Amino acid sequence: MLKQIDGSYAVGEAVALCRPQVVSCYPITPQTHIVESLGKLVKSGELADCSFMNMESEFGAMSACIGSSAAGSRTYTATSSQGMLFMSEAVYNASGMGLPIVMTVGNRAVGSPINIWNDHSDAMSVRDAGWIQLFVENNQQAIDVHIQAFRLAESLGLPVMVNMDGFILTHAYVRVDMPEQEQVDKFLPVFKPFQKLDPQSPITMGALVGPEAFTEVRMLAHSRMERALELIPAQAEEFANIFGRNAGGLVQKHYDDETGVEAETVLVTMGSVIGTAKEVITEMREMGESVNAVTLRTYRPFPAQALREAVIGAKRVVVLEKSFTPGMGGIVYQDVLAALNGTGIEVQSVIAGLGGRPVTRKSIRTLFAGCDERSNGHGFEVLDLDNTTMDRELAREASVLDRII
Amino acid sequence: MQSQILHFPAKEAMIIGQQTGDRTISNRLADTADSLQGAAERSNALDSGHRACQGCGEALGARHAIDTALDTTDGELVVVNATGCLEVFSTPYPQSAWRTPWIHSLFGNAAAVASGVAQSFRIQGKENVRVIAQGGDGGTTDIGMGCLSGMFERNEDVLYICYNNEAYMNTGVQRSSQTPGAARTATTMPVGEHPGNRFGTGKSVPKIAMAHGIPYVATANIANPRDLEAKVRKAMSIRGARYIEVFVPCPLGWGTASCDTIKVARQALNCGLTPLYEAEYGEITAVNKIAPSETVGAYLKSQRRFAHVFKRGNEHQLEAIQAIADANIRAFDLVESK
C-alpha cells in the first residue's frame with residue numbers, strides 16, 4: 001500500500017509487520033520516532049502479542065533484548081549515537097551468544113562535541129562487534145531491509161543492525177510502498193530459535209571460555225558471517241520474487257556499463273548519500289564522463305568479492321564516507337583498500353558529511369574534480385572543510401602546544 | 001507510600017522453624033528432614049564439582065536459594081547470573097554446575113536480562129516459568145544498580161538475589177559500596193592514618209528496593225539457611241519485582257578459615273551488624289530478633305581484614321563499627337525483650 005510517511009514511522013510499521021514479540025525501547029534522537037510508533041501500535045492492540053518495554057537505559061534496552069531473545073522471542077530495539085556507545089558492552093554480548101536480535105540504528109555522530117546530526121560514527125564504533133551491519137539508501141529500502149533482517153538474523157543465529165541515516169531518512173516524509181501482512185508472513189516464518197532457555201531442556205548460556213577454546217569460538221562467529229555473504233543475496237532474490245522489488249543485497253552497482261567497458265572512476269558509498277551523488281553522476285555520464293557508483297548495502301560481513309566484481313576494470317575507486325578515525329582517516333576506505341589489494345585499482349579516500357554537514361551536489365562535483373590530484377593509497381581529503389577556521393585554530397593550538405614542547 | 005503497581009498481592013507464606021537447629025547446615029543425617037536441604041531428594045541446582053573456594057558462602061547461599069526456588073516452581077525456573085565468582089566458578093566451558101536453564105550475560109545487566117526473559121515468557125503465555133536473577137554485591141549494588149532500579153520500578157516478575165560478601169572478590173578483593181568501614185581490601189589497604197576502608201554513609205540496597213515499593217524485600221544470612229529457604233519460598237509465592245540480599249562470608253577476601261564461614265556469618269548476625277527483616281510494598285513486616293550473644297569485637301577479630309582495628313590508636317574504628325551495630329539494634333528493635 002502506498003503511503004506518504006515519515007521514515008521512522010515507516011520502519012515502525014515494517015517492524016510491526018514482522019510480528020516482534022518483545023520490543024525494548026529507550027529514547028535517543030534521531031531514532032526515537034521508531035520506538036514511539038511501535039509503542040503506539042502495541043498499546044492500541046494493532047500489534048498484538050508483543051511486550052513493549054520502556055527501559056532505564058540503552059544498556060538496559062539491549063540487555064532486555066538479550067534475555068528476551070535467549071528465552072525464544074523475536075526481539076527488536078533501536079538506537080543511535082551515544083546510545084550505541086552506552087549499550088556497546090551488551091551489543092558485543094548479543095552477537096557472542098548468537099542471538100538473532102534486530103536493531104535499527106538511526107545513524108548519528110558521536111560526541112564530544114555533542115552533535116545530534118547524521119554521520120556513521122555510531123555504527124563504526126561497533127564495527128567489530130560481530131553484528132551483521134546493513135546500510136540502506138532510502139526509506140523504501142529501510143522498510144524492505146528490516147523485513148529481510150529478521151529472516152537473515154534468524155536463519156543464521158546472528159544479530160542484525162539496519163543502519164539508516166539519522167534525520168536524512170528517519171525524518172523524511174516520502175512515499176513508500178508498505179508491504180501487506182500476507183507477503184511478510186510468506187517471506188518470514190515463525191521464529192524457531194536454535195537454542196533457548198527452557199526448563200524442559202536446560203542449557204547454560206554465556207559460559208566462561210578460556211584460551212583453549214576462545215579462538216575457535218571467534219572463528220565460528222566468522223564462519224557464520226561468511227554464510228551471511230551467501231544468504232544475503234539469496235534472501236534478497238526471494239524477497240524480490242514475493243514483493244516485486246529489489247532492495248539490494250551485498251553491493252549495488254548503479255549504472256550498467258557496456259560489456260567490457262568499465263567506468264574509469266567508481267564512487268563507493270554507504271547509506272543515503274548516493275541519492276545526491278547519483279544526480280551528479282547521471283549528469284556527468286550524460287556529458288560522456290566515465291564514472292559509475294557502487295553502494296555497500298552490506299558492510300559487515302564485508303562483501304570483498306562482490307565489491308571486486310563490481311569495480312574490476314576501473315582505473316580508480318573513490319571511497320566517500322561519513323566516518324573518520326582521528327590519527328588514521330577513512331574507515332570504510334581501509335576495508336575497500338584491503339578488498340582491492342592486488343587488483344591494481346587506485347583507491348582514494350574522501351571524508352564528508354561529519355556531524356550532519358550536508359553533502360551537496362557541489363561537494364560531489366568537487367570530489368570528482370580532485371581525482372587526478374589525490375595521492376594514491378594513502379592520505380585523505382575532507383570535502384567542504386572550512387579552511388579559514390582550520391588555519392586560525394591550528395595557529396592558536398600551535399601557540400599553546402608548541403610552547404609545551 | 002504505595003507501589004504504583006499493585007497487581008500482585010503478596011500471598012501469605014509462613015516462615016517456620018528459624019531459630020532451632022540452625023547450627024546444623026543441610027543436615028541429611030537427621031531422621032526427618034526439617035528443611036529442603038535436609039531432604040535426600042532435593043534438587044541440587046548447583047551441582048558438586050564446581051570450582052568455588054573451600055568454605056565459599058556465596059556457593060552455599062546460591063545452592064540453598066535456587067534449590068528452594070526449583071522446589072517451589074516444580075522446576076519451571078530460569079536463572080540469570082551477573083558476572084562474578086558465582087558465574088566463573090560454576091560455568092567454565094565446557095562444564096556447567098547448573099541443573100537449571102541458566103544464562104550469564106554481563107556484570108551489570110542481570111536485572112535487565114531477567115526482565116527480558118520474564119517478558120519473553122509472559123508474551124509466549126508461559127507464565128508458569130519463573131525467573132531469578134542473581135549476582136554479588138559488586139554486580140548488584142554498584143555496576144548493576146541502574147538496571148536493578150529499572151527492574152524494580154517496572155515491577156518485573158523477577159526475584160533478584162544478591163549474595164553480599166562486601167567486596168569485589170572475583171577480581172581479587174577490591175572495595176565495593178558494600179565494603180564496611182575499616183575493612184582491608186586490595187584498594188583500601190590498612191596503611192596510613194586511616195587504615196582500611198573509609199567510613200562512608202553506607203548503602204542499603206534493601207532499603208532502596210523498599211523505596212521502590214516493590215511487593216517483597218528480605219535480607220537473609222547464610223548462618224540461618226532455614227530462614228533463607230523460607231524467604232525464597234515466600235518470594236516465589238509472589239508475582240512482581242522481589243529482592244533478597246543474602247549475607248555470605250568470603251574466606252579468601254575476609255581472611256577467615258574455610259571452616260568458619262557459618263560461624264563468622266552467625267557472629268555478624270548476632271552482633272546486630274546484619275539485621276534480618278522482610279518488607280512488603282515498602283513497609284517492614286517482620287524482623288528476626290537476635291539474642292546478642294556475640295560482640296562486634298569477636299566478629300571482627302575472626303577476620304584478617306579487620307586485624308588493624310585492634311592495633312593501638314585504631315580504637316575509634318572498632319567504636320565506629322560498634323556504633324553501626326547499636327544503631328541497627330535500635331532501628332530494627334532487634335533484641336528480644338525479656
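Owing to the predicted nature of the structure, the values given are computational and were not obtained by experimental measurement. Convention: sequence-line order gives letters A, B, ...; per-chain numbering from 1.
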Chemist: Given the options B/V78, B/L106, B/N81, B/V117, which has more heavy-atom pairs under 4.5 Å with chain A than any of the others?
Modeler: B/L106
Chemist: Please check if the number of heavy atoms outside B/Y93 that lie under 6.0 Å from its OH is greater than 12.
Modeler: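 It does not: B/Y93 OH has 12 such atoms or fewer within range.
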Chemist: Under 4.5 Å heavy-atom distance to chain B, tell me which part of A/V209 shows up: side chain, backbone, both or neither.
Modeler: both
Chemist: How many angstroms lie between atom CG of A/L208 and atom OG1 of B/T91, to the nearest 0.5 angstrom?
Modeler: 6.5 Å
Chemist: Under a 4.5 Å heavy-atom cut-off, does chain B meet the side chain of A/T204, its backbone, both or neither?
Modeler: both
Chemist: If you compare all heavy atoms of A/G206 against all heavy atoms of B/H104, which two are closest, and at what distance to 0.1 Å?
Modeler: O-ND1, 2.8 Å
Chemist: Shortest non-hydrogen contact from B/R154 to A/N54?
Modeler: CD-O, 3.3 Å
Chemist: Please classify the contact between A/D198 and chain B as side chain, backbone, both or neither, with a heavy-atom cut-off of under 4.5 Å.
Modeler: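 A/D198 touches chain B through backbone heavy atoms alone.
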Chemist: Side chains of A/M97 and B/S105: closer than 4.5 Å at any heavy-atom pair?
Modeler: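 They are in contact (side-chain heavy atoms under 4.5 Å apart), so the answer is yes.
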Chemist: Before giving the answer on side chain to side chain contact (heavy atoms under 4.5 Å, CB included), spell out for B/S120 and A/Q21 the whole-Å C-alpha distance, their side-chain angles and the decisive distance to 0.1 Å.
Modeler: CA-CA 7 Å; B/S120 191; A/Q21 293 162 288; over 6 Å; no
Chemist: How about NZ on B/K203, more than 12 heavy atoms from neighbouring residues, nucleotides or ligands closer than 6.0 Å, or not?
Modeler: yes
Chemist: Give, as side chain, backbone, both or neither, the part of B/V88 having an atom under 4.5 angstrom from any heavy atom of chain A.
Modeler: both
Chemist: Verify the neighbour count for atom CZ of B/R99: are there more than 12 heavy atoms of other residues, nucleotides or ligands below 6.0 Å?
Modeler: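 Not buried by this count: 12 neighbours or fewer within 6.0 Å.
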Chemist: Check this for me: A/D128, atom CG, are more than 12 non-hydrogen atoms of other residues, nucleotides or ligands nearer than 6.0 Å?
Modeler: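 More than 12 within 6.0 Å, yes.
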Chemist: Heavy-atom count around A/D49 CG within 6.0 Å, excluding the residue itself: above 12?
Modeler: no
Chemist: At a heavy-atom separation under 4.5 Å, does A/A61 approach chain B through its side chain, its backbone, both, or neither?
Modeler: neither
Chemist: Supply the atom-to-atom distance A/M53 CE to B/I123 CD1, rounded to the nearest 0.5 angstrom.
Modeler: 10.5 Å
Chemist: Could you pull out the closest heavy-atom pair between A/P202 and B/T100, with the gap in Å?
Modeler: CB-C, 3.6 Å
Chemist: Can B/E76 and A/Q200 be counted as having a side-chain donor-acceptor contact under 3.5 angstrom?
Modeler: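 There is such a pair between these side chains.
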Chemist: I'd like to verify something: which residue of B/F107, B/W98, B/F121 has the highest number of heavy-atom pairs under 4.5 Å with chain A?
Modeler: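 Winner by heavy-atom pair count: B/F121.
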Chemist: What pair of heavy atoms forms the shortest contact from B/A112 to A/M55, and how long is it?
Modeler: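 That closest heavy-atom pairing would be CB-CE, 4.0 Å.
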Chemist: In terms of heavy-atom proximity below 4.5 Å to chain B, should A/C50 be classed as side chain, backbone, both, or neither?
Modeler: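 When you check distances to chain B, only backbone atoms of A/C50 fall under 4.5 Å.
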Chemist: Tell me, for A/I203 versus chain B, whether the close heavy atoms (under 4.5 Å) come from the side chain, the backbone, both or neither.
Modeler: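 The answer is the backbone of A/I203.
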Chemist: Can you name the nearest heavy-atom pair linking A/F59 to B/G108, along with the distance?
Modeler: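 What the structure gives for the nearest pair is CE2-O, 3.5 Å.
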Chemist: So, does B/N109 use its side chain to make a donor-acceptor pair with the main chain of A/S63 at under 3.5 Å?
Modeler: no
Chemist: With rounding to the nearest 0.5 Å, note down the distance linking OG1 in B/T83 to CG in A/N93.
Modeler: 8.0 Å
Chemist: Taking atom CD as the centre, does B/Q95 end up with more than 12 heavy-atom neighbours from other residues, nucleotides or ligands that are less than 6.0 angstrom away?
Modeler: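 Enclosed: over 12 neighbouring heavy atoms sit under 6.0 Å from CD of B/Q95.
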Chemist: Could you tell me if the side chain of B/C147 sits less than 4.5 Å from the side chain of A/E56, heavy atoms only?
Modeler: yes
Chemist: Will you find, in the side chains of A/S73 and B/Q124, an N or O donor that is under 3.5 Å from an N or O acceptor?
Modeler: yes
Chemist: Can you tell me which of A/A94, A/G72, A/A213 forms the most heavy-atom pairs within a distance under 4.5 Å of chain B?
Modeler: A/G72
Chemist: Give the minimum heavy-atom separation between B/L77 and A/P199, together with the two atoms involved.
Modeler: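 Here B/L77 and A/P199 meet closest at N-CG, 3.9 Å.
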Chemist: Is B/L252 atom CG crowded by more than 12 heavy atoms from other residues, nucleotides or ligands, each under 6.0 Å away?
Modeler: no
